[in-house]
Amino acid sequence: MATTGSGTDTHCPYCSLQCGMRLGAHMADTVGTADEAHGGVAVLERPEFPVNRGALCGKGRTSAELLTSASRLTAPLVRDRRGGPLREATWGEALDRVAGGLTDVAERFGRDAVGVFGGGGLTNEKAYLLGKFARVVLGTANIDYNGRFCMSSAASANRAAFGLDRGLPFPLADIAHAGCVILVGANPAETMPPALRYFRELRENGGRLIVVDPRRTRTAEMADLHLRPVPGTDLALALGLLHLVIADRHVDEAFVAARTTGFEQARAVAMAHWPERAEQLTGVPVQLMRQAVEMFAGAATGMVLTARGSEQHSKGTDTVGAWINLCLATGKAGRPGSGYGCLTGQGNGQGGREHGQKADQLPGYRSLTDPAARAHVARVWGVDPATLPGPGRSAYELLDTLGQDGGVRALLLMGSNPVVSAPRAAHVTRRLRALDLLVVSDLVLSETAALADVVLPSAQWAEETGTMTNLEGRVILRQAALAPPEGVRTDLRVLRELATRLGADKGFPEDPEEVFGELRRASAGGQADYAGISYRRIRAEDGVFWPCPDEDHPGTPRLFLDRFATPDGRARFAAVPHRPAAEEPDADFPLYLTTGRVVGHYQSGAQTRRVPELAAAAPGPFVELHPRLAGRLGVAEGDLLAVTSRRGRAVAPARVTDTIRPDTVFMPFHWGGTGRANSLTNPALDPTSKMPEFKVCAVRVEKAVRVEKEVR
Ligand code: SF4
């Protein structure tokens, strides 16, 4: 991989597949719509990159359009007074204002009153430096990031079961060679279409695909078997399946004895969840459960892959643990072609949770409470370990206390748009407004940036170099193809300039390769060990899988083949009983709401809603409901619906379809304003991962008479 005469090899700015692409000006090969108007950058295929093999979805194909979009920011903005307008400012004025404001709040309320909120789309270098900035320069415990909303329950279940959290413990291409794959709460047909090829190849190779999803999605339509549990009951379903595995003698006794612990406790819990009870809770007939068990247990190899559908729950960690149990009981883990994996969502969802922007973590996936880890990282940073703060509040807990006594009063936010993406979003918006100082670095005036006191215009993916870690644990390199426009700066430069203003003259380089060099040293010896990974190797090898402890190490595409990463080398079963969702339907709120994505948009939509082709294909939110429910409510396609939960209200047109359960409505979460799905969602947190329960809450649906004033 290199910058060649025909273009610059790089990766898509959006999801965790991190599709390889080439940026160039050779219009004959152009797959996107970029032209001279986009800084001379065209999106070209890069078929030799092994993950997507040249394929791109519409988001990747059109990604260059945002480079010169009229909506991008090209000068810092400041607000002179609360409620006043944003005006353009020089970088000097804006950064002085930020440094002064952060200092003032720290002096008045203490260092922990200054908070930092990062994102799962930031490069490894940015995530690393942001964590160092928070702990060394600001001295605050309060840093967390929006990845807490995405993959954290899978991460905590992975660590509990295997002692290590990497999304997939094998390359994505291994899916094609498994005997059976159970895909739980994942819809790659909408979220990462180029990955679908591996599921097609799986079936062409004679493997079976089972999809677990309350909706009959495009992914579910290609499955051999589709199980449609009531939202919030995946854990009960996994327990029912494990019960059948045990009762029908499908347990791989030799594997369980040799490579696991805790089976007896998990078995006792599963035996209390007999299939008829699981059917009662989930709505999935016993006969279909038995079919699923026969397919999965009967295959020589098998995988369970989860995504947000099973993870974004107040019991997400336990739910993922129950799916991992199924792999362990049937001997489908730690072997070629088998294992549990999480299909990470955000572009750097994996790397973003490894290098220190999480509230409880230091680089290399080290724990902030481990004295040896603190000493190692403090040595790399040249500080006394005693000066490093302890763990801070998790993402929603941090947002929930903004502007309050004892909470964060000044917030620096990079790469996130919580006004749209946080649960109970109207409340979070009020909390953001209550801050003494809100600083947002973004490339466009997102809904959150629009509330800020200072907005810093940041460079885009094609304008800065940095590494990302894709859903497989493959560290890849996004290479800059052009310079940022006049007036725009990289986040690394912003951190350096702020650090200097706040008294740290050294330790914050703006050259990404230099930052990566330090990250390698900080991660050395940790679980996510990048010590042997260099930009040179990534270019030469199309990415390197961590752990990679030294330059002679080949990287680790497949984990756990000899032992799991627990102290005794054995995987641990989770003894986890079913429990209901934090909020179940009742007389006032009789329906389930579940939320998700559409193919044209990414996350809060701040970027993709500004790409004309994507905006035209998916112009706004909608409420998906079953024809029977529509009939009962007297609703026709396109009628405006008001959806109300205990936290708020959203209004959007009806989309009537029999692909959804009659007791459930679905809304995509990419929009703010009146149709904001997260006005409704429940911030009930998983006790371990602190992930909010985005995927299920109770709502009431009525015909709306008008589009209501935007709920802010
Ligand atoms: Fe690939 Fe995801 Fe980008 Fe689509 S959004 S091109 S699937 S990385």
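Read the numbers this way: they start at 1 and go in the same order the structure lists the ligands and their atoms.
Atom 1 (Fe) of ligand 1 has C19 SG, 2.3 Å as its closest protein atom, hydrogens excluded (heavy atom only). The protein heavy atom nearest to atom 2 (Fe) of ligand 1 is C15 SG, 2.3 Å.
Side-chain contact check for C342 versus R308: some heavy-atom pair is nearer than 4.5 Å. Side-chain atoms of D144 and S394, non-hydrogen and from C-beta on, do get closer than 4.5 Å to each other. Counting heavy atoms from C-beta on, the side chains of R489 and E510 never come closer than 4.5 Å.
When distances to atom 4 (Fe) of ligand 1 are checked against a cut-off of 2.8 Å, C57 contributes an N, O or S atom below that limit.
Checked options R474, E472, R478; the residue passing with Q18 is R478 (criterion: side chain to side chain donor-acceptor pair (under 3.5 Å)).
Every atom of ligand 1 with a heavy atom of G60 under 4.0 Å away is listed here by number and element: 6 (S). Below 4.0 Å from some heavy atom of P194 lie the following atoms of ligand 1, by number and element: 7 (S). Of all the atoms in ligand 1, the ones that sit under 4.0 Å from a non-hydrogen atom of Q18 are 8 (S). Contact atoms of ligand 1 toward C12: 3 (Fe), 5 (S), 6 (S), 8 (S) (distance under 4.0 Å to a heavy atom of the residue). Listed by number with element, the atoms of ligand 1 under 4.0 angstrom from any heavy atom of M192 are 7 (S). Of all atoms in ligand 1, listed by their number and element, those nearer than 4.0 Å to a heavy atom of Y14 are 5 (S).
Using modelled atom types, no side-chain atom of Q350 and backbone atom of T469 make a donor-acceptor pair closer than 3.5 Å. Of the possible donor and acceptor atoms, one in the side chain of T608 sits under 3.5 Å from a partner among the backbone N and O of Y602.
Judged by distance alone, the side chains of S71 and S69 do bring a donor and an acceptor atom under 3.5 Å apart.
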